[in-house]
Amino acid sequence: MKIKLKKQTHWGCMKPLTVYVNDKKQGKLFNCISMELDVHSGDEISFKEGPLPTFKKIEVSSNTREIVITNSNNLQQLFAKLMLLFLILVASCLLIQSMLTFSALGVALLLGFLYLFRVQSYRFEIDGQSEWHTFSDSMRLYK
């Protein structure tokens, strides 16, 4: 069966998503350009953005026809919170004596925050029903 994928996002989420079906790359999903996938019931569609790990997996059911990806409504608030937290953590790291440790910690924190920002910034609608990607879902993918 064929299902349709649409990505309708605005600022902050303009990078294309790489789409995988059962861990096989199917192509890139660009903003405002639809993509059709040939899938079967029980297949797993996963999404990846750039070098970040897979952040969303959807199992296809027999009645899945369309998946629409949009921004969550709390994108600006989420960005402000993450940047504030990053600045607080970096400021507290000034007590570290080694510049190498400080740099490594800063880069690790930034990459972690960018991943959480991406995970929390998308909303997936499967056949018109909204499916929010929660923080607990993202932590389960790390295990």
Side-chain angles (χ1 to χ4, degrees), residues 1-93 96 98-143:
M1 72 180 168
K2 290 196 180 277
I3 63 168
K4 190 176 194 178
L5 299 177
K6 287 189 217 174
K7 182 175 179 238
Q8 301 170 338
T9 58
H10 49 280
W11 80 273
C13 299
M14 297 302 288
K15 290 183 180 177
L17 296 176
T18 306
V19 180
Y20 295 87
V21 175
N22 297 330
D23 295 326
K24 292 180 185 169
K25 186 176 178 179
Q26 299 297 310
K28 293 191 180 271
L29 180 62
F30 292 91
N31 202 30
C32 298
I33 299 174
S34 298
M35 174 184 201
E36 282 196 357
L37 289 178
D38 206 9
V39 295
H40 304 288
S41 182
D43 284 351
E44 185 177 74
I45 301 173
S46 55
F47 299 90
K48 182 178 176 184
E49 185 180 61
L52 299 175
T54 299
F55 67 87
K56 182 66 178 175
K57 294 181 180 183
I58 298 172
E59 188 172 330
V60 177
S61 66
S62 59
N63 56 0
T64 303
R65 299 287 175 248
E66 181 179 59
I67 299 173
V68 179
I69 303 165
T70 59
N71 289 101
S72 63
N73 293 334
N74 62 350
L75 190 62
Q76 291 174 333
Q77 294 87 358
L78 177 66
F79 181 73
K81 289 176 187 175
L82 289 178
M83 287 297 114
L84 181 63
L85 183 59
F86 177 72
L87 290 174
I88 290 170
L89 289 173
V90 168
S92 67
C93 289
I96 297 174
S98 168
M99 189 58 141
L100 181 62
T101 305
F102 174 74
S103 299
L105 184 60
V107 168
L109 287 172
L110 181 61
L111 290 176
F113 289 144
L114 286 175
Y115 176 74
L116 289 176
F117 175 70
R118 287 294 169 210
V119 164
Q120 293 292 315
S121 62
Y122 289 110
R123 181 176 65 161
F124 291 79
E125 291 181 16
I126 302 171
D127 293 326
Q129 294 184 345
S130 184
E131 179 178 302
W132 288 92
H133 191 121
T134 62
F135 180 74
S136 61
D137 290 340
S138 64
M139 291 297 101
R140 201 173 330 132
L141 291 177
Y142 266 123
K143 294 181 181 176

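None of these values were measured; they are calculated from a predicted model. The residues of the chain are indexed from 1 along the displayed sequence.
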Considering all heavy atoms of both residues, which atom of [X] and which atom of [Y] are nearest to each other, and what is their separation?
{"X": "K6", "Y": "L29", "value": "C-CD2, 4.4 Å"}
{"X": "K57", "Y": "S46", "value": "CG-CB, 3.9 Å"}
{"X": "M35", "Y": "V19", "value": "SD-CG2, 4.1 Å"}
{"X": "V68", "Y": "Q8", "value": "CG1-OE1, 3.7 Å"}
{"X": "S61", "Y": "S41", "value": "C-OG, 3.8 Å"}
{"X": "K48", "Y": "Y20", "value": "CB-CE1, 4.0 Å"}

- Item | Heavy-atom check, side chain of I3 versus side chain of I45, under 4.5 Å | yes
- Quick one: are V60 and M1 in side-chain contact, heavy atoms under 4.5 Å? yes
- Message: Quick check against the 3.5 Å criterion: does E36 have a side-chain atom that pairs as donor or acceptor with the backbone of S34?
- Response: no
Rounded to the nearest 0.5 Å, how far apart are [atom1] of [X] and [atom2] of [Y]?
{"X": "I58", "Y": "I126", "atom1": "CD1", "atom2": "CD1", "answer": "4.0 Å"}
{"X": "Q26", "Y": "L37", "atom1": "CD", "atom2": "CG", "answer": "6.0 Å"}
{"X": "L5", "Y": "I33", "atom1": "CG", "atom2": "CD1", "answer": "13.0 Å"}
{"X": "D43", "Y": "E59", "atom1": "CG", "atom2": "CD", "answer": "9.0 Å"}

